Amino acid sequence: MMMMVRKSKGLGERHQKILEFIESYQREYQHPPSIREIGEHCKISSTSVVNYYLDQLEKEGLLERDRKISRGMRLVGNNNPLGDLLRVPVLGVIQAGEPILVPDEAGFTPEDSVEIATSLMPSKEKGKDLFALKVQGESMIDAMVNDGDIVILKPVQDARNGEMVAVWLNERSETTLKYYYKEKDGYRLQPANPQFKPILIKKNESLQIKGKVVMVIRKVDRYN
DNA sequence: TAGCGCGAAACGCGTTACTG
DNA sequence: CAGTAACGCGTTTCGCGCTA
């Protein structure tokens with residue numbers, strides 16, 4: 001006998017509508033909608049039904065849910081052509097110009113986070129506990145790192161010469177973003193902007209590498 | 001009859017706002 | 001400043017109508 005019933009796979013009208021709504025809501029508000037908001041928009045009067053559909057979408061692999069957190073849902077699959085997003089915490093601001101004092105003893109203050117598509121990442125860095133810093137200053141301008149950009153870093157203790165790193169200068173209580181070179185009598189922190197002089201660290205001063213830059217998110221100023 | 005699609009309402013829990 | 005009321009939100013339970 002013929003049936004017009006939905007197959008167990010495949011999406012019904014409401015599934016589609018919910019997905020579209022989540023997507024557009026997310027674009028507008030930068031976070032997912034609540035169950036009640038979905039219901040309201042999709043003409044579903046009961047939260048249990050929305051939950052019911054979200055469960056199904058999750059089973060279909062179109063949605064990920066985190067039940068610990070309210071609004072804990074995320075679209076996956078073809079809805080995001082770039083692939084999964086990785087949330088990277090922005091731990092604070094780092095100087096790429098003259099190094100300056102930083103507010104707390106850890107060197108960084110938690111602030112915000114950015115999402116980057118894993119498909120854009122160097123594959124070896126995936127899954128590491130990366131962190132991000134907002135760049136202030138222009139000493140790395142020739143390395144395509146500008147004031148206001150965000151750099152993604154991998155936490156490391158050592159770096160090879162020529163790598164761009166975030167370092168903590170113990171004796172000076174300062175952080176800075178520079179190219180790293182180890183030399184006979186200490187370290188040289190080289191800016192990429194010829195207008196800035198390298199910072200020379202003598203052997204008796206200590207320096208702590210916080211991480212090396214694996215990716216740069218450029219800020220494009222469209223207002224001038 | 002069993003299972004699905006759906007709705008109403010109660011419930012639980014964390015956060016925010018108010019108040020003495 | 002503690003106590004509590006209000007709120008936002010997700011989860012659970014129950015029940016109804018339909019159909020295979």
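A quick note: this is a predicted structure, and the numbers were derived from the prediction, not measured. To find a chain, count down the sequence lines: A is the first, B the second, and so on, and within it residues start at 1. In what follows, every heavy atom counts, from backbone to side chain, and hydrogens, waters and symmetry copies are set aside.
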In whole Å, I'd like the distance from the [atom1] atom of [X] to the [atom2] atom of [N].
X: A/His31; N: C/dG10; atom1: NE2; atom2: P; answer: 11 Å
X: A/Ile69; N: B/dT15; atom1: CD1; atom2: C1'; answer: 15 Å
X: A/Glu37; N: C/dC7; atom1: CD; atom2: C1'; answer: 14 Å
X: A/Glu40; N: C/dC9; atom1: CD; atom2: P; answer: 11 Å
X: A/His15; N: B/dG5; atom1: NE2; atom2: P; answer: 8 Å
X: A/Ile18; N: B/dG5; atom1: CD1; atom2: P; answer: 13 Å
X: A/Arg71; N: B/dG14; atom1: CZ; atom2: C1'; answer: 14 Å
X: A/Ile44; N: B/dA8; atom1: CD1; atom2: P; answer: 12 Å

Among the candidates [options], find the nucleotide nearest to the side-chain atoms of [X].
X: A/Arg36; options: C/dC9, B/dC4, C/dT13; result: C/dC9
X: A/Tyr52; options: B/dG5, B/dG7, C/dT12; result: B/dG5
X: A/Arg14; options: C/dT11, B/dG7, C/dC9; result: B/dG7

Problem - Check: C/dT11 base within 3.5 Å donor-acceptor of A/Ser48 side chain - result: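 By the distance-only test, no, there is no pair.
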Practice task
Starting from the C-alpha separation in whole Å, work towards a yes-or-no answer on side-chain hydrogen bond (donor to acceptor under 3.5 Å, both in side chains) for A/Gln56 and A/Tyr52.
Solution key: CA-CA 7 Å; A/Gln56 292 182 342; A/Tyr52 173 69; 3.3 Å; yes
Practice task
Flag the pair A/Val213 / A/Met215 as yes when at least one side-chain heavy-atom distance between them is below 4.5 Å, and no otherwise.
Solution key: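 No, every pair of side-chain atoms sits at 4.5 Å or beyond.
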Practice task
Consider only side-chain N and O atoms of A/Tyr181 and A/Gln190, and report whether a donor and an acceptor are under 3.5 Å apart.
Solution key: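 Their side chains do not contain a donor-acceptor pair, so the 3.5 Å distance test is not met.
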Practice task
Would you check if there is a donor-acceptor pair between the side chains of A/Arg65 and A/Asn51 at a distance under 3.5 Å?
Solution key: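 Yes - a donor-acceptor pair under 3.5 Å links their side chains.
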Should [X] be listed as having a side-chain N or O under 4.0 Å from OP1 or OP2 of [N]?
X: A/Asn51; N: C/dT11; value: yes
X: A/Gln56; N: B/dG5; value: yes
X: A/Arg65; N: C/dT11; value: yes

Problem - Between A/Tyr25 and A/His31, ring centroids under 6.0 Å - result: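 Distance test on ring centres: under 6.0 Å, yes.
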Practice task
Indicate, with a heavy-atom threshold strictly under 4.0 Å, whether A/Ser45 touches base, sugar-phosphate, or nothing.
Solution key: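 A/Ser45: backbone/sugar contact only, no base atoms under 4.0 Å.
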